[in-house]
Amino acid sequence: MTRTKLCGLTRDRDLDAAIDAGADMVGVVSRVPIETPRELAPDRAAALVDRVPESVTSVLVTMPDTPDEGEALVDRVAPDAIQVHGCSLSEVRELSARIAIPVIAGVDAADDDLDEYATVADALVLDSTDEQGAGGTGETHDWMRAREIVADLDAPVLLAGGLTPENVASAVETVAPFGVDVSSGIEDERGTGTKDHAKLHEFVARVSGEPLRA
Ligand SMILES: O=C(O)c1ccccc1NCC(=O)[C@H](O)[C@H](O)COP(=O)(O)O
């Protein structure tokens with residue numbers, strides 16, 4: 001079974017739609033040093049996380065300058081897992097040692113130290129990142145290389161980067177990841193931060209191989 005993470009949720013109704021569609025994980029973005037319409041203030045991120053039922057994993061996506069900062073944000077938002085982008089190996093290791101929840105490392109698929117990240121993080125998000133390591137770019141990467149990475153690493157890998165309802169079945173078939181992660185590909189217009197509920201349902205259905213609605 002391929003897990004589905006729907007990320008960059010900003011509105012209550014988008015979160016509720018993601019849960020209703022059957023997402024395994026839902027993500028909220030807070031405290032990132034880039035311009036993104038998905039960024040929420042910590043209190044707002046905490047309010048969304050608080051709505052998530054126990055059966056669904058809430059993921060806080062952030063780019064902490066230090067492990068201290070990551071730990072403080074976890075205390076404030078209280079997610080089930082934290083996903084960090086732009087962190088060094090030692091920062092991921094230190095954060096992981098300090099907090100009780102799983103740490104997911106957001107990494108670029110072209111990086112050559114992914115095996116090391118796999119030893120310090122509980123899971124990887126294999127993404128297309130910008131120069132600061134941020135995700136949400138809407139760009140795909142080389143799925144054949146992603147397939148090799150998934151096969152070589154022991155850690156669970158979530159495939160991210162430019163996934164859409166149209167390409168996700170092919171991505172799952174090609175890469176065979178533990179899970180898939182989408183943000184801009186289910187937005188009503190790319191880069192708005194608000195989700196299209198029909199796209200969101202279709203994305204989850206395509207991952208689980210359910211027949212599509214006409
Ligand atoms: O989504 C953002 O704006 C973001 C900003 C900074 C760090 C990470 C961010 N998103 C991480 C995610 O988990 C996205 O779901 C993932 O990168 C996929 O994005 P997309 O290519 O838009 O589907």
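When a ligand or atom number is given, it counts from 1 through the structure's own listing order. Start at 1 with the first residue, then count along the sequence.
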Atom pair CG (Asp108) and CG (Leu124), whose distance is rounded to the nearest 0.5 Å: 12.0 Å
Can you give me a line-by-line list of nitrogen or oxygen pairs between ligand 1 and the protein shorter than 3.5 Å?
unit_1   : atom_1 : unit_2 : atom_2 : d
ligand 1 : 1 (O)  : Arg38  : NH1    : 3.0
ligand 1 : 3 (O)  : Thr36  : OG1    : 2.7
ligand 1 : 3 (O)  : Arg38  : NH1    : 2.9
ligand 1 : 13 (O) : Lys5   : NZ     : 3.1
ligand 1 : 13 (O) : Gln83  : NE2    : 3.0
ligand 1 : 13 (O) : Asp181 : OD2    : 3.1
ligand 1 : 15 (O) : Asp181 : OD1    : 2.8
ligand 1 : 17 (O) : Asp127 : OD1    : 3.4
ligand 1 : 17 (O) : Asp127 : OD2    : 2.4
ligand 1 : 17 (O) : Gly136 : N      : 2.7
ligand 1 : 19 (O) : Gly136 : N      : 3.4
ligand 1 : 21 (O) : Gly138 : N      : 3.0
ligand 1 : 21 (O) : Gly162 : N      : 2.9
ligand 1 : 22 (O) : Ser184 : N      : 2.9
ligand 1 : 22 (O) : Ser184 : OG     : 2.5
ligand 1 : 23 (O) : Ser183 : N      : 2.9

Asp20: partners by side chain to side chain contact (heavy atoms under 4.5 Å, CB included), with sequence neighbours left out: His201
Between His197 and Asp14: side-chain donor-acceptor atoms closer than 3.5 Å: yes
Shortest non-hydrogen contact between Ser128 and His141, atoms and distance: OG-CD2, 3.3 Å
Heavy-atom pair with the smallest gap, counting every atom of Ser184 and Arg38: CB-NH2, 3.4 Å
Whether Glu91 side chain and Ser88 backbone form a donor-acceptor pair below 3.5 Å: yes
